[in-house]
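Proteins get letters first, then strands, A, B, ... in listed order; numbering begins at 1 in each.
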Amino acid sequence: MNDIKSAFENGKAFIPFVTAGDPDLATTEKILIEMSKNGADIIEIGIPFSDPIAEGVAIQEADLRSLASGTTTDKIFDMVKRVRSEIKCALAIMTYMNPIFVYGTDKFMRRCSECGISAVIVPDTPFEEKQELSPFCDKHGIELVSLIAPTSHDRIKMIAKEAQGFVYCVSSMGVKGGSITDIGEMVNLVKSVSDIPSAVELDTSTPEQARKAVQNADGVIVSSAIVKIVGKYGKDCIKPVCDYVKSIKEAIS
Amino acid sequence: MSKGKFGIHGGQFVPETLMNAINEFEQAYNHYKNDPEFVSELDFLMREYAGRPSRLYYAEKMTKDLGGAKIYLKREDLNHTGSHKLNNCLGQCLLAKKMGKTRVIAETGAGQHGVATATVAALLGLECEIFMGKEDTIRQALNVYRMKLLGAKVNAVETGTMTLKDAVNEAMREWTNRVSDTHYVLGSVMGPHPFPTVVRDFQSVIGKEIKAQLLEKEGKLPDVVMACVGGGSNAMGAFYEFIKDENVKLIGCEAAGLGVDNPKNAATIANGTLGIFHGMKSYFCQDEYGQIAPVYSISAGLDYPGIGPEHANLADTDRAQYVPVTDEEAVWAFEYLSKTEGIIPAIESAHAVAHCMKIAPSMDKDKIIVVNLSGRGDKDVAAIARYRGENIYE
């Protein structure tokens, strides 16, 4: 079974991101189950990193809250494994190279596989460095998602040719959020060399922005909107998160 | 494929958004480093603006007092802006200008790299923004004002430990955010390729001068070259010329803070493990899950949890030795050099002076140690006074 592929088979895919362990893993567990019930097609589970340089302040703060509450990579895997059968959608791990490398890349991918995780997204590991990951991903059947950015230009075809799972389009220039730029053109370049689906990342998104974004892509990734809701409501975030997930899923359906 | 490797270390672990920018930077560097016009412009600035070559000073009183090896100080503290940092900033800013960039950004710990970047930006007419941990803006308040005087905007970074590591995070974010008109003037031999190579090349003037100057004064090579190491740019600059001279011992002095056995230290080779962070594979102070450790040193410039990849390889291959030096030892050396030679060293450089004081007495009198005095200590005077219980603020 290819979970990632099937996630793109029923219309536009909705891919929310959540930082594991913020405010605690019990809350993350509920968020995963409820998001999958309310329209998420793939959930990106963020393993917190002390220094998330590719992300803005909202996710950095969530990472630090999570680490302060005692979250570790092992505890995240244990939680996902325990509740995997209750989560109906595909799961991807998003984290930085160092937590994977120091954990042991082989062991990390094996744990992903054991926990029913289909893909990994590693924003500080570009095409040129993917050998650090891909042999271990291949060995354990984990797809290594490739990222492209508005600055990628001539690199897009090279990246897309070897991409797995889906292509993650970083839409806003940089990490602090910004305008949607040239998404259609980026996705067209991907399509010219591969039939792999493309999903567009929005930092925080209104339903209207999500609807616009998927006009030119196969799915939408919401990177910090849910993190911000969790940051605001803490353990009481389940209902507002569900309401938000529903609103985006409806908007793009 | 993976580029910029030193043994197993190095590489280009950065977000895709930056890949074209660092590739473009690499191409420009490879072009201009052999461009006679660029080389002569840089050479002119190094001489006329920075004041190079810096002196190689025989520290006679210190030598006699310690009673062992002959000690020379490479006076990078006498460069314009007061440290070796200017060498790299002149090179990178000139390159940035050639590449058509109109804005430069930089991280800074002690403020020396920030001041040097702001200085060259002023000289070359580039817009300049500096990222500095909030903790460091307090420790080094004078340098913050200096950067503002030079026309730079200074952003106090309030995330994480609010020190050098967080300033690098924020500068990388800012570069990701605005890459088209901006060059990131990375201040040390770290980060993604080509920075470790470019910064080393621009700093290698230090070692070349040491070699020529010592040959002239003593007719031989030094027995030991030593320097303090945070990211490692002044050390790499001093070492590089001597790597092939196998009889020259190279010693990097790391900041051990309150001691290598105390969690409050920044001694990466002593305590670090292999990791991948800030664009490079190298050694980092971190936990078993790869979370970067909140390191500590009295010296804001050495208060960094990693080390440049070429140093990591010099450590792996035993070509260089890395030794920990505590806050207390560095402060003692800071005071000693001030009183003995009338030279107030940067607290960073005082780490190397401290190790020199440890090993010189037991070495023969015909041996020669060169200590790279990477910066001057004016910026540290108030902090050292406070360390000694005198409540002075700048």
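Identified by a heavy-atom distance below 4.5 Å to chain A, the contributing residues of residues 279-293 of chain B are B:Lys281, B:Gln286, B:Asp287, B:Glu288, B:Tyr289, B:Gly290, B:Gln291, B:Ile292, in residue-number order. Scanning residues 68-76 of chain A against chain B with a 4.5 Å non-hydrogen threshold yields A:Thr72, A:Thr73, A:Asp74, sorted by number. Heavy-atom neighbours of chain B within the stretch residues 15-28 of chain A, taken at a separation under 4.5 angstrom, are nonexistent.
There is no contact between A:Ile47 and chain B, counting heavy-atom distances below 4.5 Å. Only the side chain of A:Ile159 comes within contact range of chain B, with at least one heavy atom under 4.5 Å from a heavy atom of that chain. The contact between A:Pro99 and chain B is made by backbone and side chain atoms together, counting heavy-atom distances below 4.5 Å. Only the side chain of A:Glu132 comes within contact range of chain B, with heavy atoms under 4.5 Å apart. For chain B, the nearby parts of A:Pro52 are the backbone and the side chain; heavy atoms of each come within less than 4.5 Å. Contacts of A:Phe49 with chain B are made by both backbone and side-chain atoms, with heavy-atom separations under 4.5 Å.
Side-chain contact between B:Gln92 and B:Phe25 is present, with heavy atoms from C-beta onward closer than 4.5 Å. Residues A:Glu44 and A:Ile221 have side chains in contact (heavy-atom distance under 4.5 Å, counting atoms from C-beta outward). Taking the side chain as every heavy atom from C-beta outward, B:Pro305 and B:Thr161 never approach each other to under 4.5 Å. The side-chain heavy atoms of A:Phe127 and A:Glu162, taken from C-beta on, include a pair separated by under 4.5 Å.
Atom NZ of B:Lys5 sits in a crowded spot, with more than 12 heavy atoms from other residues, nucleotides or ligands closer than 6.0 Å.
Residues passing the side chain to side chain donor-acceptor pair (under 3.5 Å) test with B:Tyr32, sequence neighbours excluded: none.
Remark: the B:Glu16 side chain and the A:Ser152 side chain contain an N/O donor-acceptor pair separated by less than 3.5 Å.
Taking chain A as the reference chain and counting heavy-atom pairs below 4.5 Å, the highest number among B:His278, B:Gln12, B:Lys165 is found for B:Gln12.
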